Amino acid sequence: MPNLLIRNLDSVLLDRLKSEAAANGRSLQSEIHRILQQAGAHSLARTRRISAQWLKRLQGTRHSDSTELIREDRDRR
């Protein structure tokens with residue numbers, strides 16, 4: 001599994017992370033793993049939510065096939 005090195009981490013932030021890890025009964029490494037996993041999950045959840053909103057918004061609308069427009073543009077060059 002790959003490793004991650006974080007340089008120049010603010011000492012105040014590091015202390016907060018350590019405190020949070022201790023409060024949650026986890027090691028610093030486990031706490032950082034959890035934070036990164038949540039950040040990735042939130043991003044994925046947000047992307048899915050936005051996609052669903054757009055699909056709902058576009059539902060029932062007709063869209064032209066852009067193939068012909070692209071071909072015409074390409075042939076003009």
Side-chain angles (χ1 to χ4, degrees):
M1 183 173 285
N3 291 315
L4 176 66
L5 173 64
I6 302 174
R7 296 175 195 253
N8 303 318
L9 189 62
D10 182 53
S11 60
V12 174
L13 175 59
L14 182 59
D15 289 341
R16 281 190 297 194
L17 288 170
K18 286 179 180 180
S19 295
E20 192 69 23
N24 292 322
R26 289 190 274 268
S27 67
L28 177 61
Q29 182 174 347
S30 294
E31 187 69 17
I32 292 171
H33 273 259
R34 183 193 60 79
I35 291 168
L36 292 173
Q37 287 171 343
Q38 281 185 333
H42 288 301
S43 296
L44 180 58
R46 183 173 184 269
T47 300
R48 286 182 175 159
R49 186 174 55 254
I50 292 170
S51 295
Q53 289 170 348
W54 274 104
L55 287 173
K56 185 177 179 180
R57 187 175 180 180
L58 296 173
Q59 192 174 18
T61 59
R62 292 185 46 95
H63 303 281
S64 62
D65 182 4
S66 60
T67 305
E68 196 59 38
L69 294 171
I70 294 170
R71 188 173 289 126
E72 287 174 13
D73 186 53
R74 184 190 62 218
D75 291 344
R76 273 187 262 155
R77 294 178 188 189

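In this chain, residues are counted from 1 in sequence order. Since we're looking at a predicted model, the values are computed, not measured.
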For this session: Scan side-chain atoms only and decide if Arg49 and Gln53 contain a donor-acceptor pair under the 3.5 Å cut-off.
Result: no

Problem set entry | Inter- and intrachain pairs under side-chain hydrogen bond (donor to acceptor under 3.5 Å, both in side chains), touching residues 65-77, at least two apart | Asp65-Thr67, Glu68-Arg71, Asp73-Arg77

Exercise. Is any side-chain heavy atom of Leu5 less than 4.5 Å from a side-chain heavy atom of Arg7?
Worked result: yes

For this session: Mind checking side chain to side chain contact (heavy atoms under 4.5 Å, CB included) for Leu58 and listing every partner two or more places apart, or none if nothing turns up?
Result: Trp54, Thr61, His63

Problem set entry | NZ on Lys56 to OG on Ser51, rounded to 0.5 Å | 14.5 Å

Problem set entry | Contact summary for Ala21 and Ser27, nearest pair of heavy atoms | CB-O, 3.6 Å

Problem set entry | Nearest atoms (heavy-atom pairs only) where Leu28 meets Lys18 | CD1-N, 4.0 Å

Exercise. Backbone N or O of Asp15 within a donor-acceptor pair of the Ser19 side chain at under 3.5 Å?
Worked result: yes

For this session: Report yes if some heavy atom in the side chain of Asn24 is under 4.5 Å from a heavy atom in the side chain of Arg34; otherwise report no.
Result: yes

Exercise. Is Ile6 reachable from Leu36 through a run of hydrophobic residues whose side-chain heavy atoms are each under 4.5 Å from the next?
Worked result: yes

Exercise. Between atom NE2 of His33 and atom OG of Ser30, what is the distance when rounded to the nearest 0.5 Å?
Worked result: 6.5 Å

Problem set entry | CZ-CD1 distance between Arg26 and Ile32, expressed to the nearest 0.5 angstrom | 11.5 Å

For this session: Quick one: pull up CG in Leu4 and CD in Gln29 and give me the separation to the nearest 0.5 Å.
Result: 10.5 Å

